[in-house]
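Computed over heavy atoms, backbone and side chain alike; hydrogens, waters and symmetry mates excluded. Labels below follow one simple rule: chain letters A, B, ... track the order of the sequence lines, proteins then strands, and each chain is numbered from 1. Being a predicted model, the structure only gives us computed values, none of them experimental.
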There are 2 protein chains.
Amino acid sequence: MGRPSLREERRRELTLALERVLARVGVADASIAAVADEAGVAPGLVHHHFKNRDDLLTTLVRELDRRFVAARAAPPGTPPHEVLHRTVDAAVALRGDVGRRAARAWVALYAEALGSPHVGGVVRALVLREWRTLTATWERLGASRDDAQRRAAAVVAMILGSLVFGALLPGTAVGFAAPSLHTLLRAWGAADADDRVADDPAGPTAHSTPRPPHLCAGPEASCRCC
Amino acid sequence: MGRPSLREERRRELTLALERVLARVGVADASIAAVADEAGVAPGLVHHHFKNRDDLLTTLVRELDRRFVAARAAPPGTPPHEVLHRTVDAAVALRGDVGRRAARAWVALYAEALGSPHVGGVVRALVLREWRTLTATWERLGASRDDAQRRAAAVVAMILGSLVFGALLPGTAVGFAAPSLHTLLRAWGAADADDRVADDPAGPTAHSTPRPPHLCAGPEASCRCC
DNA sequence: CCGTAAGCTGGTGGAATCACCAATCTACTC
DNA sequence: GAGTAGATTGGTGATTCCACCAGCTTACGG
């Protein structure tokens with residue numbers, strides 16, 4: 001037998017290095033060489049672990065999506081309105097340096113999706129999945145098919161927009177939007193049993209309920225999703 | 001006297017060429033040479049009319065912003081709630097090929113804003129301006145300063161998100177979000193005199209009222225704002 | 001201590017990019 | 001028709017990036 005494989009660890013390290021580079025310098029200057037330098041390895045090693053640039057980029061897309069899915073995960077039997085609020089929370093939970101980095105990486109990947117058919121396909125699939133999932137959730141709440149589709153589209157737009165907003169403006173900005181987004185859900189009837197108040201007076205960074213038990217923002221947090 | 005200056009026309013032609021290139025191939029492959037080729041001129045000409053790449057990019061940002069501002073323009077004395085609905089309309093009005101192209105260009109510019117301090121400054125300034133404008137509008141409607149900021153942040157996030165959504169998914173998708181966004185405004189009390197119904201049954205592409213007199217989507221339309 | 005499998009290095013070729021500029025062309029005025 | 005300001009061309013040199021790979025290093029088992 002030979003040396004034990006470190007392939008998965010290396011792939012993960014390089015993926016996280018790509019995230020940091022993307023967040024710092026944007027998509028145009030995120031070269032393979034820059035990623036290797038960020039990770040402290042030789043440029044050729046990137047090609048040893050990833051087929052090409054697209055492979056590296058799509059791996060990061062899946063990593064970021066994994067975090068989002070883990071953050072909005074709800075145990076079976078969770079009522080639909082709770083699922084909606086958790087989804088919004090997961091999107092707006094990108095606070096601090098870690099969250100800001102992820103948001104900036106997302107925005108860079110949106111742009112890359114426009115030019116690269118491969119990356120575009122992966123990103124588009126994720127957006128469509130969210131749209132369909134949310135549509136089904138709204139239907140479970142009694143909305144008609146058309147209403148469900150429209151509301152789901154609006155929620156998806158909010159999620160995407162929150163990431164752009166958070167990427168462009170200082171960290172606290174995105175927190176301002178959070179209570180308002182929950183207000184929208186309530187306006188559509190996605191309220192839970194206890195009475196939420198309109199425009200949660202607890203402030204922009206506080207949540208309207210102790211509901212979100214875990215909002216993972218990245219790999220630094222010690223949790224199951226990172 | 002010498003030859004009359006065509007500077008402004010050429011700058012505009014090249015700016016629109018950049019928009020097309022950005023929408024088609026994304027930010028990474030939008031080279032100066034590609035823009036010149038798209039406009040049917042020699043590469044060197046771009047440097048004759050623009051100081052550098054950033055100059056070209058920021059000019060496009062201002063052009064796209066000009067369209068948005070023109071589309072949401074309201075005559076003096078327009079009631080605040082009307083202003084809000086027009087703002088959302090202007091953002092979601094990016095339909096058809098022209099709108100899709102603009103949306104994709106916006107997304108590419110968001111990403112460029114992450115890497116280029118110059119472009120980043122211009123884009124950030126526009127987003128802040130919208131946030132402040134919308135905050136003031138909500139305050140005119142009686143919201144507290146905090147509530148106004150939160151609601152404005154949510155609306156800005158929606159606008160940004162609608163562009164990303166429209167850029168990634170086929171044209172009709174963004175239309176699905178429009179009625180829902182108006183519903184949110186109504187939920188916050190931005191309803192006008194006549195009774196809007198919840199989740200406008202006229203369909204995702206129709207507006208809830210004959211209110212928007214003009215929704216310009218680009219230079220092809222014959223209107224004052226293009 | 002040797003064989004083996006995998007990790008890792010650092011350099012190279014080919015292609016693309018940008019900033020720059022000298023020369024040429026065009027349209028207008030005097 | 002001559003003069004002139006500006007538009008336009010097309011090529012160049014320095015730089016950068018990606019894909020690739022031959023060879024070296026490391027860590028394990030026997």
Without decimals, in angstroms, what is the distance between [X] [atom1] and [N] [atom2]?
{"X": "B/Phe50", "N": "C/dC18", "atom1": "CZ", "atom2": "C1'", "result": "16 Å"}
{"X": "A/Asp54", "N": "D/dC18", "atom1": "CG", "atom2": "P", "result": "12 Å"}
{"X": "A/Arg10", "N": "D/dA27", "atom1": "CZ", "atom2": "C1'", "result": "13 Å"}
{"X": "B/Glu9", "N": "D/dG6", "atom1": "CD", "atom2": "P", "result": "15 Å"}
{"X": "A/Asp37", "N": "D/dT16", "atom1": "CG", "atom2": "C1'", "result": "15 Å"}
{"X": "A/Asn52", "N": "D/dC21", "atom1": "CG", "atom2": "C1'", "result": "17 Å"}
{"X": "A/Asp29", "N": "C/dC18", "atom1": "CG", "atom2": "P", "result": "11 Å"}
{"X": "B/Arg11", "N": "D/dA7", "atom1": "CZ", "atom2": "P", "result": "12 Å"}

Options [options], nucleotide nearest the side-chain atoms of [X]:
{"X": "A/His49", "options": "C/dC8, D/dA7, D/dA27", "answer": "C/dC8"}
{"X": "B/Pro43", "options": "D/dT8, D/dC17, D/dG10", "answer": "D/dG10"}
{"X": "A/Val41", "options": "C/dT9, D/dA27, D/dT9", "answer": "C/dT9"}
{"X": "B/His47", "options": "D/dA19, C/dA19, D/dG10", "answer": "C/dA19"}
{"X": "B/Leu6", "options": "C/dT17, D/dA7, C/dG10", "answer": "D/dA7"}
{"X": "A/His48", "options": "C/dA19, C/dG7, D/dA7", "answer": "C/dG7"}

Checking [X] side chain against [Y] main chain: does a donor-acceptor pair fall under 3.5 Å?
{"X": "B/Ser116", "Y": "B/Glu112", "answer": "no"}
{"X": "B/Arg104", "Y": "B/Val25", "answer": "no"}
{"X": "A/Trp131", "Y": "A/Gln149", "answer": "yes"}
{"X": "B/Arg124", "Y": "A/Leu168", "answer": "yes"}

Closest-nucleotide ordering on DNA chain C, the 5'-leading residue of B/Gly44 and A/Gly40:
A/Gly40
Students often get this wrong, so: under 4.0 angstrom with heavy atoms, is A/Leu45 touching a base, only sugar-phosphate, or nothing?
base
Starting at the 5' end of DNA chain D and moving along, which residue's nearest nucleotide shows up first, A/Ala34 or B/Val46?
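Whichever sits nearer the 5' end wins; that is B/Val46.
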No-hydrogen, no-angle side-chain donor-acceptor test under 3.5 Å, B/His182 and B/Asp89:
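Judged by distance alone, the side chains do pair up.
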Does D/dC17 have OP1 or OP2 under 4.0 Å away from a side-chain N or O of A/Arg53?
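Answer is no, no contact under 4.0 Å.
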